[in-house]
Structure formats: C-alpha cells, structure tokens
Amino acid sequence: MANGGGYVWALAAGFNAALAAISAKFFSTLLLKYGMVILFNVTMWGCYVNSLKALSSLQATVTNFAANFISSGLAGCFLFDEPLPSKWFAGASLIIFGVFILSKSSIEEKQNSD
C-alpha cells in the first residue's frame with residue numbers, strides 16, 4: 001500500500017472519531033447514541049490500524065489528530081452554531097502545515113547491532 005493510501009486511512013480515522021463525538025451530542029435516544037458512538041469508534045480504530053500499515057506511527061497519529069480536530073471544529077460550527085474565531089483557523093493552518101512537513105520527512109530505520 002502506498003503512503004497516499006495510509007493518509008486516506010488516517011484521515012478517515014480522524015473523521016470517524018469526530019463522528020463519534022458528534023453522535024454523542026446529536027442523538028437523543030440513549031441506545032442510538034451509544035450504538036453510534038461504538039460504531040464510529042470501531043470504524044475509527046479499523047481505519048487507524050490500516051493507516052499504521054503504510055505510515056509510521058507518528059505520521060498516522062498526527063494525521064488522525066489533525067483530521068479529528070478540523071472535522072470536530074467544522075461540525076461544531078455547522079451543526080451546533082459554535083463560533084470559529086480567526087485564532088482557530090490560524091491553529092488549524094499550523095496543524096495542517098505540520099502534518100505536511102511530517103508527511104514529507106523521511107523516517108530512518110534503526111539498524112540492529114547484534
């Protein structure tokens with residue numbers, strides 16, 4: 001699997017984590033609420049594990065976090081009418097820039113000296 005596929009899995013994991021949090025606030029029926037949270041968390045972990053197959057743990061984790069942060073913030077704005085100040089956009093831009101830098105960095109493999 002190419003690195004691009006790993007980033008798609010990591011982004012999907014972050015998006016599913018945000019959906020789990022949204023479903024906890026969005027649904028009123030307790031059984032549906034818990035069911036959706038469990039479903040989205042299981043899906044998130046599956047996507048995250050698949051991202052780890054193609055990326056380093058650092059790249060997968062940071063990409064997952066960035067996708068979760070940005071999708072949670074946008075969902076808060078669009079679904080719950082929460083304000084997004086300019087500082088939020090500045091922080092989101094820095095996170096995206098950091099993920100881009102990490103995605104371009106080369107991860108050196110450690111050599112065993114046995």
Side-chain angles (χ1 to χ4, degrees):
M1 178 185 293
N3 277 355
Y7 284 109
V8 170
W9 283 115
L11 290 170
F15 183 67
N16 276 288
L19 286 174
I22 292 166
S23 64
K25 297 174 182 145
F26 206 58
F27 296 109
S28 60
T29 307
L30 198 60
L31 182 62
L32 183 60
K33 182 184 295 193
Y34 285 129
M36 296 301 285
V37 168
I38 290 169
L39 174 71
F40 286 127
N41 274 309
V42 167
T43 306
M44 182 271 300
W45 279 107
C47 292
Y48 181 68
V49 167
N50 282 330
S51 73
L52 287 172
K53 293 177 183 176
L55 302 172
S56 71
S57 60
L58 176 66
Q59 290 170 321
T61 301
V62 170
T63 304
N64 179 0
F65 165 75
N68 185 0
F69 175 78
I70 291 168
S71 39
S72 293
L74 292 175
C77 178
F78 293 116
L79 296 176
F80 305 110
D81 293 325
E82 295 177 356
L84 288 181
S86 59
K87 287 182 183 180
W88 185 90
F89 286 102
S93 299
L94 289 173
I95 288 172
I96 292 169
F97 183 66
V99 169
F100 180 75
I101 290 172
L102 283 173
S103 70
K104 297 300 177 189
S105 68
S106 61
I107 307 298
E108 295 180 18
E109 293 184 20
K110 292 184 178 180
Q111 303 262 341
N112 266 340
S113 59
D114 291 355

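Predicted model, so just to flag it, every value in this text is computed and none were measured. Along the sequence shown, the residues carry numbers beginning at 1.
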Nearest non-hydrogen partners of C47 and N16, listed with the distance: SG-ND2, 4.2 Å

Which residue pairs pass the ring-ring contact (aromatic ring centres under 6.0 Å, His included) test with at least one member in residues 64-88, sequence neighbours excluded? F69-W88

Is there a side-chain contact between W9 and N64 (heavy atoms, below 4.5 Å)? no

Distance from N68 atom CG to L19 atom CG, nearest 0.5 Å? 9.5 Å

Give me the atom names and distance for the closest heavy-atom approach of S23 to K33. O-CG, 3.7 Å

Joint cluster assignment, V42 & F15, ILVMFWY side-chain distance < 4.5 Å: no

Do T63 and S51 come close enough that some side-chain heavy atom pair is under 4.5 Å? no

Check the hydrophobic clustering (I, L, V, M, F, W, Y; side-chain heavy atoms under 4.5 Å; chains of links allowed) and say if L58 and V99 are grouped together. yes

Heavy atoms from other residues, nucleotides or ligands near OH of Y48 exceed 12 (cutoff 6.0 Å): yes

What is the distance from atom CE of M36 to atom CD1 of I22, rounded to the nearest 0.5 Å? 10.5 Å

If you measure from OG1 on T61 to CG on L55, what distance do you get to the nearest 0.5 Å? 9.5 Å

Heavy-atom pair with the smallest gap, counting every atom of A20 and V37: O-CG2, 3.4 Å

To check you understand the geometry: which heavy-atom pair defines the closest contact between G14 and S71, and what is its length? O-OG, 4.0 Å

Do the non-hydrogen side-chain atoms of L84 and L74 ever get within less than 4.5 Å of each other? yes

Is it true that F40 and F27 fall in one hydrophobic cluster, defined by side-chain heavy atoms closer than 4.5 Å? yes

Mind checking who shares a hydrophobic cluster with F97, ILVMFWY linked at side-chain heavy-atom distances under 4.5 Å? I101

Close side-chain approach of I70 to I96, heavy-atom, < 4.5 Å: yes

